[in-house]
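Just below is one structure, and these are the notes that go with it.
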Amino acid sequence: MKIAVCVSHVPDTATRIKIAGDQKSIDPAGVSFVLNPYDEIAVEEALKTKEKFGGEVVVVSIGGDQVKETIRKSLAMGVDEGVHLKTDEALDSFAVAQALADEIKSSGCELVFMGKQSVDYDNGTVGQLTAELLGYNSIAVCVTFQLEGTTVTAEREIEGGKEVVETSLPCIITAQKGLNEPRYASLKGIMTAKKKVIQEKLLGAKPVRVENLLLKMPIAKNPGRILGSDSSAVAELVKLLHEEAKVI
Amino acid sequence: MEKKILALLEQREGKIKKSSFETLALAEHLAVSLEMTVDAAVIGDKIENTSDVFSFCNCNLVHFTHADLQLYSSSAYKKIVVEYAAKQGYEIILLSNTSLGKDLAPRIAIGLNAGLVSDCTALDLNGKEIIVTRPVYAGKALQQVKLSSEVKIYSLRPNVFKAVLLEKKAEEKISTVAVENPDLTNRVKKIIRSEGKLDVAEADIIVSGGRGVKGPEHFTLIEELAQQLGAAVGASRAVVDAGWRPHEEQVGQTGKTVSPSLYIACGISGAIQHLAGMSSSKYIVAINKDKDAPIFTVADYGIAGDLFEILPVLTEEIKKLKS
Ligand SMILES: Cc1cc2nc3c(=O)[nH]c(=O)nc-3n(C[C@H](O)[C@H](O)[C@H](O)COP(=O)(O)OP(=O)(O)OC[C@H]3O[C@@H](n4cnc5c(N)ncnc54)[C@H](O)[C@@H]3O)c2cc1C
Ligand SMILES: Nc1ncnc2c1ncn2[C@@H]1O[C@H](COP(=O)(O)O)[C@@H](O)[C@H]1O
């Protein structure tokens, strides 16, 4: 079985960000980028599935040359080959999904893993969009995954519990934390990754549906009041919550 | 043709959810400002509180029924909404960004060739144009976008938009459509419930504990306060990773995003990934013995002291207030 995993290259959530001069994007200077944490879980699940059923895993990433770093990291974890869909344009989720769908279709992968969301724009939509474009089944925000023949069963997180969902291949699964513990790339993995091929394909222009108007910093909240340093402040706290905030 | 808005509602266990009333109130507001009319739709078997819909919005409610549609099915729900919306020609579709809404919205967007903005925290009008604000980069920045597609879908972060009541309840206009042969290729077989606990994503008050609580056995301090307040228990990732609390309680970037009326953070330092999940809460209280902890930068009220000393007193005071 040929399995695809789609990964995005995102700022590490711990880094500070600055708005760039265009007021629409972040200034990449000094920002460290990583493999999207949910995509790392997706890579791990793809590798585990391959180890169980055989086959090969191909990683796909869309973006400028910098995304090669993230493809390389996936290869070092054990993915067999990489595809870089190259563009320097900022694509919206629909354009990303269309490009991924085209690539998945031509590679014939019937099982695809993605992350539940990319921690840059936090859209959380590309998995389902891609599946609908392809006419594939899909289950989003999965914390378990099981494949038996062509039957796919997964548990997905919902408010107050989990839904046990059943469907069949072809299928896209989006990964939530808890699905697995991603492996570290071994030294050998890192060495062999250097020799693996990354196929580069140029992406043509894509129509956009979502127009990005502005990126800004949130208005900093006025620093709150520290009411005291021990339980003598509790009475005042309760009074404020009751009378000023009116939340209790 | 008359321009129309569709408010897509969500039921769980036969009850329309609170977040759907927020969706209805926003639909009402947009309809008045943009001179549009509203239809609402809900999918499920028996639904007990359909009448409440008309307290928030003057609309026609369509109830799609089938015994197999009580639980969510992405394939069936998508097909019903896409066919109905295509026929009715809605220009705007609103729904709540709950786990169901997050799953369904992109599917109907493809089916209707529509644009979608997910996790909206504000919809403002610039003339007739809708400008949406949404948090990005784990809440470190805000993005403003607009849709250029003909059909526009917006999924709304729960608890952010107010469920404003109409001055006078609107006339109840409900029609029922029996669904034939729902497409169940993708279906929920069952729901595994977390035993009777209130979920952080739906609670109006949350009491969260972090590493400062020192061990799973001390979480009784958090639970007792939560119980007095009718609140849900939340947790930082540090204590979830340590196995003190289950993942479903985790608040933050890799946990749940919450916007309760009141969030009480106890022994939580306020790492950016934690703030990403809770900084849109209306009121934040921090209890932390380090007065320089970053949690105080987002807190409205704080006590810079020992939670072991403070929490029992706080629980007692709340008990007094309630009696
Ligand atoms: C990719 C990624 C995703 C992440 N996602 C999340 C997420 O979803 N949610 C999340 O929470 N974190 C997340 N984190 C982890 C985050 O960076 C922090 O490590 C974590 O939030 C810290 O948890 P904490 O505040 O409980 O612990 P600590 O940072 O150790 O803070 C403990 C606090 O308790 C205080 N304290 C100690 N004793 C007492 C006492 N007796 N009384 C009062 N106060 C006391 C201390 O002063 C300190 O401020 C993520 C990290 C990464 C890299
Ligand atoms: N540029 C990209 N290249 C490859 N995969 C992507 C890209 N952007 C998003 N994805 C995939 O889609 C998932 C959801 O992303 P999003 O909907 O943007 O939050 C991610 O976790 C990735 O698996």
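All values below come from the heavy atoms of this structure, side chains included, with hydrogens, waters and symmetry mates left out. Naming convention: chains lettered A, B, ... in sequence-line order (proteins, then strands); numbering from 1 in each chain.
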Between A/K246, A/R16, A/Q117, A/E157, who has the most heavy-atom pairs with chain B when the cutoff is under 4.5 Å?
A/E157
Are any side-chain N or O atoms of B/K291 and backbone N or O atoms of A/I226, one a donor and one an acceptor, separated by less than 3.5 Å?
no
Are any of the side-chain heavy atoms of A/K162 and B/I191 separated by less than 4.5 Å?
no
Residues 272-279 of chain B vs chain A, non-hydrogen distance cutoff under 4.5 Å, contacting residues -> B/I272, B/Q273
Shortest non-hydrogen contact between A/S231 and B/I310, atoms and distance
N-CG1, 3.9 Å
Per-residue tally against chain A (heavy atom, under 4.5 Å) across B/T133, B/V240, B/T185 peaks at B/T185
Is it the side chain or the backbone of B/E316 that comes within 4.5 Å of chain A heavy atoms, both, or neither?
neither
Less than 3.5 Å apart, any donor N or O on the side chain of B/H247 or A/Q176 sitting next to an acceptor on the other?
no
In the structure I gave you, are the side-chain heavy atoms of B/L262 and A/L241 within less than 4.5 Å of one another anywhere?
yes
How about CD on A/E166, more than 12 heavy atoms from neighbouring residues, nucleotides or ligands closer than 6.0 Å, or not?
yes
Count the heavy-atom pairs under 4.5 Å between each of A/C171, A/G228, A/S232, A/A14 and chain B, then report the option with the highest count.
A/G228
Between B/A232 and chain A, which part of the residue has a heavy atom less than 4.5 Å away: side chain, backbone, both or neither?
neither
Highest number of heavy-atom pairs under 4.5 Å with chain A: which of B/Q250, B/E317, B/Q253?
B/Q253
Short side-chain to backbone donor-acceptor contact, B/K189 and A/E163, under 3.5 Å
no
Most contact-rich option vs chain B, by heavy-atom pairs under 4.5 angstrom, among A/I19, A/V238, A/L227, A/V141, is A/L227
Could you pull out the closest heavy-atom pair between B/S261 and A/V247, with the gap in Å?
O-CG1, 3.7 Å
Proximal component of B/L314, with respect to chain A [non-hydrogen, under 4.5 Å]:
both
Hey, is NZ on B/K282 packed in by over 12 heavy atoms from elsewhere, all under 6.0 Å?
yes
Do B/Y137 and A/L215 have side chains that approach each other closer than 4.5 Å (heavy atoms only, starting at C-beta)?
yes
Flag side-chain contact, heavy atom, 4.5 Å: B/V188 against A/V164
no
Please rank A/V10, A/V165, A/T13 by heavy-atom pairs under 4.5 Å with chain B and give me the top one.
A/T13
For A/E45, side-chain hydrogen bond (donor to acceptor under 3.5 Å, both in side chains) partners two or more places apart
A/N180
Quick check for you: among B/E248, B/E309, B/K152, which has the greatest number of heavy-atom pairs under 4.5 Å with chain A?
B/E309
Report the option among A/G160, A/G161, A/A235 that has the most heavy-atom pairs separated by less than 4.5 Å from atoms of chain B.
A/G160
Let me know if A/L237 has heavy atoms under 4.5 Å from chain B in its side chain, its backbone, both or neither.
side chain
Between CG of B/L116 and CZ of A/F94, what distance do you get to the nearest 0.5 Å?
5.0 Å
Taking C-beta and beyond as the side chain, do A/D230 and B/K289 meet within less than 4.5 Å on heavy atoms?
no
Heavy-atom side-chain contact between B/I192 and A/E155 under 4.5 Å
yes
Pick from A/D120, A/I17, A/D122, A/N212 with the largest number of heavy-atom pairs that fall under 4.5 Å of chain B
A/D120
Check whether B/I205 gets within reach of chain A through its side chain, its backbone, both or neither, counting any heavy atom under 4.5 Å.
side chain
Residue from B/P106, B/G111, B/S74, B/S155 scoring the most non-hydrogen pairs under 4.5 Å with chain A is B/P106
Closest non-hydrogen atom pair between B/A141 and A/P218, with its separation
CA-CD, 3.9 Å
Please tell me if the side chains of B/N113 and A/R209 come closer than 4.5 Å, counting only heavy atoms from C-beta onward.
yes
Heavy-atom closest contact (A/K116 atom, B/G255 atom, distance)
NZ-O, 4.1 Å
Any chance NZ of B/K79 has more than 12 other-residue heavy atoms, nucleotides or ligands included, within less than 6.0 Å?
no
Is B/V200 in contact with chain A via its backbone, its side chain, both, or neither, using a 4.5 Å heavy-atom distance?
neither
Write down the atom of B/Y72, the atom of A/R156, and the distance for their closest heavy-atom approach.
CE2-NH2, 4.2 Å
Tabulate, in ascending numerical order, the residues of residues 142-150 of chain B having at least one heavy atom closer than 4.5 Å to a heavy atom of chain A, or enter 'none'.
B/L142, B/Q143, B/Q144, B/V145, B/K146, B/L147, B/S148, B/S149
Taking NZ in B/K15 as the centre, count heavy atoms belonging to other residues, nucleotides or ligands within less than 6.0 Å. Is the count above 12?
no
With no hydrogens and no angle check, just 3.5 Å: does a side-chain donor-acceptor pair link B/Y301 and A/E236?
no
Contact class of B/A109 relative to chain A, heavy atoms under 4.5 angstrom:
both
Assess whether atom CD of A/E89 is packed by more than 12 heavy atoms of other residues, nucleotides or ligands within 6.0 Å.
no
Return the option, out of B/S73, B/A201, B/A114, B/S75, with the maximum number of heavy-atom pairs under 4.5 Å with chain A.
B/A114
CD1 of B/I131 to CD of A/E211, rounded to nearest 0.5 Å, is 9.0 Å
Using a 3.5 Å distance criterion without hydrogens, assess whether the side chain of B/S118 forms a donor-acceptor pair with backbone atoms of A/N123.
yes
Taking the side chain from B/D199 and the backbone from A/E159, do they hold a donor-acceptor pair closer than 3.5 Å?
no
Is A/Y121 close to chain B through its backbone or its side chain, or both, or neither, when contacts mean heavy atoms under 4.5 Å?
both
Using non-hydrogen atoms only, which part of B/L104 is less than 4.5 Å away from chain A: side chain, backbone, both, or neither?
neither
Chain A contacts, top residue of B/R134, B/R12, B/K102, B/K322 (heavy-atom pairs, under 4.5 Å)
B/R134
Compile the donor-acceptor pairs under 3.5 Å between side chains in residues 130-138 of chain A and protein atoms, sequence neighbours left out, one pair per line.
| residue | atom | partner | partner atom | Å |
| --- | --- | --- | --- | --- |
| A/T130 | OG1 | A/V126 | O | 2.6 |
| A/E132 | OE1 | B/K78 | NZ | 2.9 |
| A/E132 | OE2 | B/R107 | NH1 | 3.1 |
| A/Y136 | OH | A/C109 | O | 2.7 |
| A/N137 | ND2 | A/T167 | OG1 | 3.2 |
| A/N137 | ND2 | A/S168 | O | 2.8 |
| A/S138 | OG | B/R107 | NH1 | 2.7 |
| A/S138 | OG | B/R107 | NH2 | 3.0 |

dist B/K140:NZ -> A/K18:NZ (nearest 0.5 Å) comes out at 13.5 Å
